[in-house]
Amino acid sequence: MDPSSCDTFVALPPSTEGQHIIFGKNSDRPCDEVQEVVYFAARDHDPDEKLECTYIEIEQVAHTYAVVLSRPAWLWGAEMGANEHQVCIGNEAVWGRESADGEEALLGMDLVRLGLERADTAEKAVDVIADLLGRYGQGGSCMEDECGFTYHNSFLVSDRKEAWVLETSGKYWAAEKVEGGYRNISNQYGITTKIDKEHPEMRAYAQSKGWWDGKTEFNFAAVYSYLTTARIESAGSRYCDGKKLLEKRNGHITAEAMMDILRDKDSGINMEGMFMTTGSMVSVIPTDPALPGVHYFTATPDPESRSVFKPFIFVKNARLLKDTTSPSFGSEDPVKKKPRFQSKPDRKHPLFVKHELIAAIIESYKDRGQKITEGMRQLEKEMMKEMEKFLEQGIEEPDLLVNLFSSSVQKELSVYNKS
């Protein structure tokens with residue numbers, strides 16, 4: 001399957017309005033896949049505890065941070081998310097000269113979650129992911145079927161002060177620090193000659209394969225990408241269009257501007273078809289550590305006409321997100337049984353079920369659909385305006401926000417019910 005999915009963006013001062021870092025991602029996945037939004041509280045773990053990821057078991061760490069994740073409902077990891085320290089991560093599928101076919105290991109989506117659970121800065125998240133790559137590798141089907149859809153991964157990671165791009169090819173990797181301006185990644189390698197961290201054997205390996213002569217300036221994308229770029233042409237087009245959309249708003253990038261970019265269908269960033277945008281995320285992270293980050297998630301497909309960005313803020317005693325959590329099948333899940341993927345259970349969460357009905361109405365009844373969409377946009381504006389005071393003044397009563405995301409989902413459902 002050719003690369004045809006996902007775009008991740010970050011904007012830092014002076015590209016943003018105010019002292020905010022804005023992070024955004026569209027998760028483009030198979031059109032019949034359910035994406036859930038889930039919260040896991042911080043936890044301490046026993047010294048000998050093991051951790052079961054999507055396909056393999058690894059060593060657990062002593063403490064994991066609280067995380068909010070948007071993820072395909074069938075797997076352990078995440079397409080994108082944030083942690084209590086305002087670290088945000090999104091991943092992209094990339095293909096290169098090194099084969100992505102191999103034994104089951106950690107998925108790139110597992111590495112997203114592991115980076116968030118184990119790192120309190122963006123740079124530490126890069127180190128965590130790189131270390132896990134070296135110890136456990138990456139591999140396994142990235143879709144809930146037997147097609148064997150596999151890929152390497154790139155990651156965009158941000159915190160309150162900077163961002164990092166991490167690109168991988170098997171166990172080899174390179175990372176670039178981003179300290180200002182904006183950056184986007186799609187399904188292609190983008191790190192060239194500015195490399196701030198790297199696998200210690202990455203250059204020697206490339207030279208041993210005949211991809212680099214050891215004399216010319218080392219360019220990671222040029223060395224590790226395909227000899228022909230035909231396969232990544234569509235990703236290149238989306239990457240260029242995304243960069244142009246960021247440039248157009250340079251100096252004035254806000255949460256609303258990032259949402260507009262994620263909603264853009266002309267560029268293919270908001271994807272339709274067999275691969276479509278199944279979930280979206282935008283985070284607003286103040287550089288001031290005294291102020292909270294606000295993380296917006298849709299938990300439903302198509303952010304342009306059928307979904308609402310709803311806010312989440314990390315506070316003590318935050319509640320589980322039941323309306324966007326899919327059913328759990330435990331050890332009976334077809335993903336866990338071997339051979340895997342012999343059946344597909346119904347993974348629709350409560351919001352997704354209602355959203356399907358509303359999407360059908362929007363598509364079938366123009367006037368009625370327009371009223372629903374207008375109601376959704378109005379709700380979103382009201383919620384974003386309410387969040388502005390927390391971004392500017394902080395939180396005085398955190399207990400009032402323990403159900404913020406869930407109450408926002410109820411407001412969305414109320415708009416649906418009125419229709």
Side-chain angles (χ1 to χ4, degrees), residues 8-25 37 39 65-70 80-90 116 120-122 156-163 178-182 246 249-263 280-299 303 307-319 321 377-409 411-412:
T8 310
F9 305 83
V10 70
L12 303 89
S15 291
T16 58
E17 285 190 1
Q19 291 300 303
H20 294 156
I21 291 176
I22 311 293
F23 179 94
K25 180 183 173 180
V37 173
Y39 167 77
Y65 300 121
V67 295
V68 60
L69 309 170
S70 186
M80 51 203 174
N83 71 18
E84 62 184 286
H85 295 285
Q86 313 310 323
V87 176
C88 300
I89 308 179
L116 291 170
D120 58 2
T121 69
L156 189 54
V157 191
S158 67
D159 58 22
R160 288 192 185 271
K161 67 172 186 173
E162 63 192 25
V178 182
E179 296 180 90
Y182 53 81
L246 288 169
R249 295 162 173 80
N250 191 23
H252 304 283
I253 298 174
T254 60
E256 294 91 336
M258 188 64 78
M259 290 174 189
D260 287 343
I261 291 172
L262 297 184
R263 285 175 163 142
S280 303
M281 168 187 175
V282 169
S283 293
V284 185
I285 311 299
T287 56
D288 183 348
L291 298 173
V294 179
H295 308 277
Y296 296 94
F297 295 91
T298 60
S307 289
V308 176
F309 282 94
K310 299 165 285 290
F312 177 93
I313 294 177
F314 285 95
V315 291
K316 189 178 180 182
N317 301 320
R319 302 283 194 267
L321 313 180
R377 289 294 154 269
Q378 182 60 35
L379 170 63
E380 189 177 271
K381 285 182 180 179
E382 291 171 359
M383 292 190 294
M384 293 183 74
K385 188 164 184 62
E386 187 180 350
M387 294 304 104
E388 285 178 10
K389 65 181 180 184
F390 300 122
L391 289 167
E392 293 171 1
Q393 303 169 19
I395 301 171
E396 292 183 2
E397 298 181 78
D399 286 348
L400 298 179
L401 299 177
V402 295
N403 281 312
L404 174 63
F405 188 83
S406 295
S407 64
S408 299
V409 170
K411 291 175 183 177
E412 181 180 2

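When reading the values below, keep in mind they use all heavy atoms of this one structure, side chains included, and skip hydrogens, waters and symmetry mates.
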**OP:** Start with the C-alpha distance between Met259 and Tyr296, add both sets of side-chain angles, then the distance that settles side chain to side chain contact (heavy atoms under 4.5 Å, CB included), and finish with yes or no.
**Re:** CA-CA 10 Å; Met259 290 174 189; Tyr296 296 94; 3.7 Å; yes
Rounded to the nearest 0.5 Å, the CG atom of Asn83 sits from the CG atom of Asp159 at a distance of 9.5 Å
Heavy-atom closest pair (Ala66 atom, Phe314 atom, distance to 0.1 Å) is O-CE2, 3.5 Å
Closest non-hydrogen atoms of Phe309 and Leu262, given as atom of the first, atom of the second and distance, are CZ-CD1, 4.2 Å
**Study point:** Heavy-atom check, side chain of Cys88 versus side chain of Ile285, under 4.5 Å
**Key:** yes
Notebook entry, point to check: Is Val308 close to Lys411 at the side-chain level, that is, under 4.5 Å between some pair of heavy atoms?
Noted result: no
Here the pair of heavy atoms bringing Gly81 nearest to Leu116 is C-CD1, 3.5 Å
Next item on the list: Taking the side chain as every heavy atom from C-beta outward, state whether Thr298 and Glu412 have any pair of such atoms under 4.5 Å apart.
Entry: no
Notebook entry, point to check: With side chains defined as the heavy atoms from C-beta onward, is the minimum distance between Arg249 and Asp260 less than 4.5 Å?
Noted result: yes
Nearest heavy-atom approach of Glu17 to Thr254 is OE1-CG2, 3.5 Å
| Is a side-chain donor or acceptor of Arg263 paired with a backbone partner of Pro303 at a separation under 3.5 angstrom? | yes
To the nearest 0.5 Å, atom CG of Leu401 lies from atom CD1 of Ile313 at 5.0 Å
- prompt: Counting N and O atoms only, with roles assigned by atom type, does the side chain of Gln86 sit under 3.5 Å from a partner on the main chain of Glu84, one being a donor and the other an acceptor?
  reply: yes
Here the pair of heavy atoms bringing Pro398 nearest to Val315 is O-CG2, 3.8 Å
Heavy-atom closest pair (Leu404 atom, Pro311 atom, distance to 0.1 Å) is CG-O, 3.5 Å
Q) Can you check whether Phe405 and His295 have ring centres sitting under 6.0 Å from each other? A) no
Within a strict 4.5 Å, meaning less than it, do heavy atoms of the Gln19 and Pro286 side chains meet? no
Rounded to the nearest 0.5 angstrom, the CG-NZ distance for Leu321 and Lys310 is 11.0 Å
For this session: List the steps, then state whether side chain to side chain contact (heavy atoms under 4.5 Å, CB included) holds for Ile21 with Thr16.
Result: CA-CA 7 Å; Ile21 291 176; Thr16 58; 6.0 Å; no
Residues passing the side-chain hydrogen bond (donor to acceptor under 3.5 Å, both in side chains) test with Ser15, sequence neighbours excluded, are Asn250
So CZ of Phe23 and OG1 of Thr8: to nearest 0.5 Å the spacing works out to 5.5 Å
With side chain to side chain contact (heavy atoms under 4.5 Å, CB included) as the criterion, how do Met383 and Ser408 come out once you've worked through the C-alpha distance, each side chain's angles and the decisive distance to 0.1 Å? CA-CA 8 Å; Met383 292 190 294; Ser408 299; 3.5 Å; yes
With Met384 as partner, the option from Glu380, Met387, Glu386 fulfilling side-chain contact (heavy atoms from CB on, under 4.5 Å) is Glu380
Here the gap from Met258 atom CE to Ile253 atom CD1, rounded to the nearest 0.5 Å, amounts to 6.0 Å
Phe312 and Met281: CA distance, side-chain angles, deciding distance, side chain to side chain contact (heavy atoms under 4.5 Å, CB included) verdict | CA-CA 11 Å; Phe312 177 93; Met281 168 187 175; over 6 Å; no
Rounding to 0.5 Å, atoms CE (Met80) and OG (Ser283) come to a distance of 9.5 Å
